[in-house]
Structures are given as structure tokens and as C-alpha cells.
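Each chain gets a letter, A, B and so on, in the order its sequence line appears, and its residues count up from 1.
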Protein chains: 2
Amino acid sequence: MDASLFTVQPAGPEPIYRQIVEQLRRLIAGGQLGAGDALPSVREVAGFHVINPMTVSRAYSLAEAEGLLERLRGKGMVVASTSRSSQSEASRLAMLEPSLQALVRQSRELELPAERVLRRLTTLLEDEP
Amino acid sequence: MDASLFTVQPAGPEPIYRQIVEQLRRLIAGGQLGAGDALPSVREVAGFHVINPMTVSRAYSLAEAEGLLERLRGKGMVVASTSRSSQSEASRLAMLEPSLQALVRQSRELELPAERVLRRLTTLLEDEP
DNA sequence: CTATCTGTATTGTTGTATTAATACACATGG
DNA sequence: CCATGTGTATTAATACAACAATACAGATAG
């Protein structure tokens, strides 16, 4: 399947298993993953990103405990039917709040004018994916 | 002194000592800390944030190895004279790039319109410090 | 039935982050 | 001199993250 669904930074400070769970939360909230959609297998993700299968399994297990995923024994993981995809824009914006506040703090430490930061972000956002 | 110079999140995924080093980099690049300025003592920062003095010491040592700080034996740490404060705006904006790109990635995962993100960031940036 | 795919449980090892409790070398004010 | 303030080295303990290597249980296609 599509093991490139996830972006993983093994060198980053954020634990890999948590990176995956957080991306799952956003992809489901945003509607790119809908109820019933199958996820790439543990071994597939691990092989693609050259990480340990158990690390992926841990992420999936946490996502299941959180109600994001459902485990179909012998088959694999799918997005849970109770997982409401396509949440309201306001609710999705709230999920971005921590990153926004971190950005504001760093901008102030760097004494960067708001306009400069906003213009750079505009450019990055408008570049095609 | 001003042990509140730093913002520390002991519960965060980012190691405390690295949080401190990164803030030092930005505060110096932005000019809020200039060459020769004295830093709050290890025990002061540790007491204020209720963390271990050795963790702060580790941050200061790394900052010294990086050329940001100078150690005055028996006195304390000061911003290094070779530490060029007030770097160019472009150079400071470059230090913000990783956080900006992380924000863009998360916005796309959440399927949030660029305008919504920009407007929220504008509000946060224009709120008084 | 068999091979192959799922996720997972288990055990052990490695590296790192943090805390704790001392102890030391150096500088400074009284 | 002495008390007090610097930063730091040391040792031990704890916790966590990731890896490695197996092995198992269930589903499914042939």
C-alpha cells in the first residue's frame, strides 16, 4: 500500500511512535483518511522508513486505544467507524494551536517583525504540495 | 537575576537542555542578549524551574562548545564576545524555517485553508507579549 | 491443508535524559 | 582568612525510546 502516508524523522526529538499517532489524528480529522480505510501494514511502514516494526505497532496500538483505528484480526488496521472524519474547521484549527504558539514564541525570541513571518508562511503555504 | 529568561517544559518531548540551548541561540541572534551580558546562574535557573542544576549546566556547556557563551571561572557565564548579536533579518528568518515547514505540513494534513491559518497566526502575533 | 499475510507478545540490549547527592576549583566581598 | 557565590566532574539510579530476534494467533488465497 502507501507506506509514504507518513513522514517520519528518526533523528528528531519527537519519539517516532508519537509522530505517527499525531499524523493519524490530523489525517483523519482532515478527511484524508475516512472510516474503513485500510492502513499500510506494520512491516510495510517499517521497511519503507527503515525503522523497527514494533515501533510502528506501538503507534497503531496507541491509535487503537484512542479510538482512531480498529484492528481486524488477521487482516490489518483500518480507520475506526466511530472515528469522525472531516471535523469542523474550527476544531481542526484548534489542533494546530500548539504549533502556532510555539512559532509565535520563537518569532519573539528572534525579534522578527510579524509581517516578515507572515509573508514567509504565505509563500510556503501557497507552494503546491 | 532573571531566571525567567527561559521557558522550559519538563513534560515536553524536547530534552530540557536542548530547549535552553535553542532559546539561547535565538535570544542572542535577535539581540535580546548581547556580548558580555551575564546569564542567570545554574542554580538559579534550576531552582526557578524546579529542574536539576546539572541539566542546566549541560545546556550551558553545549552553548559554550558552540561558541555562544564564555565561561568566567568563579563568576559565571556571559554571552561570548565572538557571538555576533543582532544578525540580519534574513538570517534570523532562516532559523525559523524548520518550525514554519512543520506548521505547513500539519496544516496540509488537517486540510486547513491557508487563509484560516494565516489569520489565526496574525491574531496571535499581534497580541501583546 | 499450506503458504503467506496480518498484528502482537516476549526478552534482551543499547543509548539517552533526568534526577540525586557529593565534592572540587576558582573568584569575590567582608 | 572565610563564607558564599560561580561552573563542573563524578557516581548511581531510574525511566524511556528504539532496536533485534523470535515466536505466536488469526485470516485468507491457492
Side-chain angles (χ1 to χ4, degrees), chain A residues 1-3 5-24 33 36-80 83, chain B residues 1-3 5-24 33 36-80 83:
Chain A
M1 291 247 178
D2 200 1
L5 227 188
F6 304 115
T7 301
V8 171
Q9 294 170 312
E14 183 95 355
I16 297 176
Y17 77 93
R18 214 176 304 173
Q19 293 180 35
I20 295 178
V21 174
E22 285 168 9
Q23 285 175 57
L24 276 172
L33 283 180
D37 286 0
L39 277 91
S41 83
V42 162
R43 290 171 177 82
E44 203 170 350
V45 176
F48 184 84
H49 291 101
V50 197
I51 57 179
N52 193 287
M54 289 310 298
T55 303
V56 184
S57 174
R58 181 172 184 183
Y60 280 6
S61 296
L62 286 181
E64 186 201 16
E66 202 175 314
L68 292 173
L69 304 182
E70 271 175 10
R71 183 183 48 174
L72 302 188
R73 277 172 299 179
K75 302 191 70 173
M77 307 291 286
V78 298
V79 177
S83 210
Chain B
M1 288 244 180
D2 200 0
L5 225 189
F6 304 116
T7 300
V8 171
Q9 293 169 314
E14 183 95 356
I16 296 176
Y17 77 93
R18 213 176 305 173
Q19 294 179 36
I20 295 177
V21 173
E22 285 167 8
Q23 285 175 57
L24 275 173
L33 284 179
D37 286 0
L39 277 90
S41 82
V42 161
R43 291 172 176 81
E44 202 170 351
V45 176
F48 184 84
H49 291 100
V50 196
I51 57 180
N52 194 285
M54 288 310 297
T55 302
V56 183
S57 175
R58 181 171 185 183
Y60 280 6
S61 296
L62 286 182
E64 186 201 17
E66 200 174 317
L68 291 172
L69 304 182
E70 269 174 11
R71 184 182 48 175
L72 302 188
R73 276 172 302 180
K75 303 191 71 176
M77 306 293 284
V78 298
V79 177
S83 211

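- When all heavy atoms of B:S83 and B:G67 are compared, the closest pair comes out as OG-O, 4.0 Å.
- Evaluation of the salt bridge (charged side-chain N to carboxylate O under 4.0 Å, His left out) test over residues 67-78 of chain A, restricted to residues two or more places apart or in two chains, returns A:E64-A:R71.
- Taking side-chain N and O atoms only, A:R58 has a distance below 4.0 Å to OP1 or OP2 of D:dA17.
- Nearest to the side-chain atoms of B:S41 among the listed nucleotides D:dT8, D:dG7, C:dT8 stands D:dG7.
- Note: CZ (B:R71) to C1' (D:dT6) measures 11 Å, nearest angstrom.
- Note: CD (B:E70) to P (D:dT8) measures 13 Å, nearest angstrom.
- A:I51 comes within 4.0 angstrom of the backbone, heavy atoms only, and of no base.
- Summarising the geometry, atom CG belonging to A:L5 is positioned 5.5 Å from atom CG belonging to A:L33; distances are rounded to the nearest 0.5 Å.
- Every pair tested for side-chain hydrogen bond (donor to acceptor under 3.5 Å, both in side chains) that includes a residue from residues 45-62 of chain B fails, sequence neighbours excluded, so the list is empty.
- One finds the CD1 atom of B:I20 at 4.5 Å from the CD1 atom of B:I51 (value rounded to the nearest 0.5 Å).
- Comparing C:dT18, D:dG7, C:dT8 against the side chain of B:V42 picks out D:dG7 as the nearest.
- Closest of all the heavy-atom pairs between B:P53 and B:V42 is O-CG1, 3.2 Å.
- Between B:S61 and the phosphate of D:dG7, there is no side-chain N or O to OP1/OP2 separation shorter than 4.0 Å.
- For C:dT19, the OP1/OP2 oxygens have a side-chain nitrogen or oxygen of B:T55 closer than 4.0 Å.
- For A:E22, the side-chain contact (heavy atoms from CB on, under 4.5 Å) test picks out A:E14, A:R18, A:R25, A:R26, with sequence neighbours left out.
- We find that OH of A:Y60 is positioned 16 Å from P of C:dA9, with the value rounded to whole Å.
- Toward the 5′ end of DNA chain D lies the nearest nucleotide of B:G76, the other residue of the pair B:G76 and A:N52 mapping further downstream.
- Taken residue by residue, residues 5-19 of chain B places no heavy atom nearer than 4.0 Å to DNA chain D.
- We find the CZ-CD1 distance between B:F6 and B:I16 to be 13.0 Å, quoted to the nearest 0.5 Å.
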With B for base contact, S for sugar-phosphate-only contact and - for none (protein heavy atoms under 4.0 Å), nucleotides 22-30 of chain C reads ----BSS--

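- What separates CG of A:L69 from C1' of C:dT6 is a distance of 14 Å, to the nearest Å.
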A:L39/A:L24 under side-chain contact (heavy atoms from CB on, under 4.5 Å): CA gap, chis, key distance, verdict | CA-CA 10 Å; A:L39 277 91; A:L24 276 172; 3.6 Å; yes

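- Contact annotation: B:S57 side-chain N/O to D:dG7 OP1/OP2 distance is not under 4.0 Å.
- A:E44 places its CD atom 16 Å from the P atom of C:dT8, with the value rounded to the nearest Å.
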